[in-house]
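Chain A is the first sequence line, chain B the second, and so forth, proteins listed ahead of strands; every chain is numbered from 1.
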Amino acid sequence: MTAFEMTHVSMTYGGRRRRVRALDDVSLSVEEHQKWGIVGQSGSGKTTLLKILAGLASPTSGQVRLFGRDLDLKSADVMAELRSSVQMVFQDPRSSLNPRMKISSIVSEPLRSPLVRNRPDMPTDHAARVAEVLRAVGLPPDCGDLYPHELSGGQRQRIALARALAPHPRILLADEPVSAMDVDVRAQVLNLLNSLVDSMGLTLIMVTHDLSVVRHTCDHVLVLNQGRVVEWGPTSTVMGDPREEYTRQLLASTIRRRTV
Amino acid sequence: MTLLAIDDLSVDFGRHHRPALDHVSLLVDAGQRLGLVGASGSGKTVLASAVMGLLPDNAHLTGTVRFQGRDLTRLPDAAFSRLRGQDLTMVFQEPMTALDPTMKVGRQASEVRRLHTRCSAAQARAKVDEIFTRVGLDPVSQIADAYPHELSGGQRQRVVIAMAVMNNPSLVICDEPTTALDAMVQATVLALLVEELDRVDAACLFISHDLDVVSSMCDDVAVIHGGRIVETGGVDEVLDRPRHPYTQGLVATARIDAVGPGQRLPVIDDFSSTSDLVQAASEQCDTPAPTRQDR
C-alpha cells in the first residue's frame with residue numbers, strides 16, 4: 001500500500017517582492033514499510049517537504065495523499081487520521097520537548113490530542129502506554145517524573161522517539177534526528193531507531209545531510225537541490241552509481257578518513 | 001619549537017563538581033595542527049577556554065599554560081587582551097553567536113585590525129577587503145555591509161575565519177568550527193581553513209568530535225575523556241591502532257560505513273573495559289557544568 005504520495009508539489013514562501021521557491025514540482029511515492037532518506041544541502045527544501053507530509057504546512061500547488069486519501073488539512077477526519085498514523089521526531093530535542101512538562105505528560109500528550117483521543121485504536125490507559133514506550137526506547141519507567149533538562153542529549157532524543165511512538169503510528173518522520181550528536185550517542189540512537197522501525201513495521205521518512213546515516217538506515221533515497229528532485233531510487237543504486245553530477249558532488253564532499 | 005605547553009592543568013568549578021580538566025599536559029609546536037577529540041562533556045571546550053583566558057570567574061585553575069614561553073595563567077588582563085586576537089585567536093563553533101548581531105561584519109572585522117595595529121580606518125577597511133576577498137566572500141562590499149543574520153552559515157564562518165587569521169596569529173584554536181554546517185559547505189570551509197593556516201604559518205588546536213574531520217585536518221591527535229588526555233600520537237597511528245579502550249570504542253562507533261546497512265552499530269559500551277570510564281563520564285555529565293554547553 002502506498003503510504004504517502006506527492007504529485008507535482010510546489011511550495012513558495014514570501015510575498016510579491018521576494019519569493020522563495022522552497023519546493024519545485026516534487027513528486028514522490030513512498031510505499032508502506034519503506035525507509036526513505038531525504039538528502040540535500042541546507043536550503044534544499046528537505047524540511048519543507050517533511051513539514052508538508054506532517055501536515056504542518058500546506059503546499060502552494062500539487063497534491064498529497066496519505067494512504068490514498070487526499071491530505072485535506074481542513075478536514076477533521078483527515079487530520080485525525082494524520083495525527084494518529086504519522087508522527088515526527090525533530091532535530092533538537094532541547095527545543096522540541098516542553099521544558100515545563102514532565103516526561104510522562106510529554107510522552108502521553110499525543111494521546112490526549114482532541115483530534116485522536118476518541119479514536120477506537122488509541123490506547124486508553126495512558127500510564128501503561130507511557131511505561132511501554134519508555135521501555136521500548138530503553139529508558140527506565142520511573143524517568144517519567146523527570147523534566148527534560150534532567151536528561152542527557154541522547155536520552156532526550158529517546159523521549160522524543162517515545163512520544164512519537166505513543167499513538168501507534170504507521171509512519172515516522174524524522175528531521176535530522178542524529179545530527180550534532182557525538183558519535184557514540186549517534187550510534188545508540190540509530191540502533192534504537194532501526195530496531196524499532198523494523199520490529200514495529202513502521203514506514204520511515206528521514207531528512208538528513210549525513211549520507212553515511214542514509215546508507216546505513218534507508219533503503220530508498222531522494223536527493224533534493226534548491227527545491228527540485230535531482231535523483232531518487234534505491235539507496236544502493238543512487239549512492240553506488242549516481243546518474244546526476246550533483247549527487248556525485250554531494251557524495252564527494254563527505255569528509256572521509258585519509259587513506260594511508 | 002614548542003609554541004604552547006600545557007602542563008598539569010586542572011580546572012574545576014567548585015569543590016562539589018568533578019574536575020572538568022584533570023591534570024592535562026599537552027604540547028603544540030609552531031605550525032603544528034593538533035586535533036583534540038572527545039565526546040560532549042569531556043572537557044574539550046574548557047581546555048580551549050583555559051588557553052584563551054575565557055574561563056568564567058568561578059573556575060578554579062591549577063597548572064601552567066605556557067604560550068611562547070609566557071605563562072598565560074598569570075598574565076594580567078590587559079596583557080592578555082593584547083595577545084588575544086593578535087597572536088592567539090579562536091574560531092568558535094557557532095558563528096551566529098560569535099559575531100555581534102548589531103554590528104555590520106565589515107566593521108567587526110576592521111575592529112580586530114584596529115585594536116591591535118596602529119592604522120587608520122581606511123587602512124583597516126582595505127585590509128578587511130583584502131582578507132574577505134581571499135576567504136571567498138564575494139561581493140566584498142556587499143558582504144562587509146551586511147549584518148550577521150543576513151549571511152548564510154558558511155559565509156558567517158568565513159567571516160570568523162577571516163577575523164581569526166587577519167593579524168597573522170601563531171596559534172588558532174578552532175572549537176568545532178564546522179559542526180553547524182552541512183556536508184558540502186563543511187568541506188569548502190575546512191579547505192579554506194587549511195589554506196589560511198598554511199598561508200599565515202599558524203599552528204592550530206582543532207577541537208572536534210568528528211574523527212574524519214580531524215584526520216583530514218591534523219597531523220597529530222589527542223583524545224580527551226572525562227577531563228583526561230587518554231592517548232596522543234600521529235593521526236594515522238591513533239586512528240588505525242588505538243591503544244586505549246576508549247579510543248578503540250570511539251574509532252569503532254564513528255565508522256558507520258564499516259557496518260552493513262541496518263546492522264547494529266558498535267557503541268562505546270561494547271568495549272567492556274571502558275565501562276567504568278563511561279560510567280565516570282556519565283556521572284560527570286549529570287553534574288551541570290557552568291560552561292557554555294555544546295549545542
Can a salt bridge be assigned to the pair B/D182 and A/K46 using a cut-off of 4.0 Å between side-chain N and carboxylate O?
no
Quick check on A/T254 against chain B: is it the side chain, the backbone, both or neither that has a heavy atom closer than 4.5 Å?
neither
Indicate yes or no: does A/R186 engage B/D210 in a salt bridge with an N to O separation below 4.0 Å.
no
Answer key: most heavy-atom pairs under 4.5 Å with chain A among B/Q186, B/H209, B/R264, B/M184 is B/M184
Can you tell me which portion of B/L181 sits under 4.5 Å from chain A's heavy atoms? Options are side chain, backbone, both or neither.
backbone
Describe, in one word, how the ring planes of A/W36 and A/H220 are oriented to each other, choosing from parallel (under 30°), tilted (30 to 60°) and perpendicular (over 60°).
parallel
May I have the step-by-step check of side chain to side chain donor-acceptor pair (under 3.5 Å) for B/T253 and A/D184, ending in yes or no?
CA-CA 6 Å; B/T253 57; A/D184 185 40; 5.0 Å; no
Leading residue by heavy atom contact count with chain B [cutoff under 4.5 Å; candidates A/Q249, A/H149, A/H216]:
A/H216
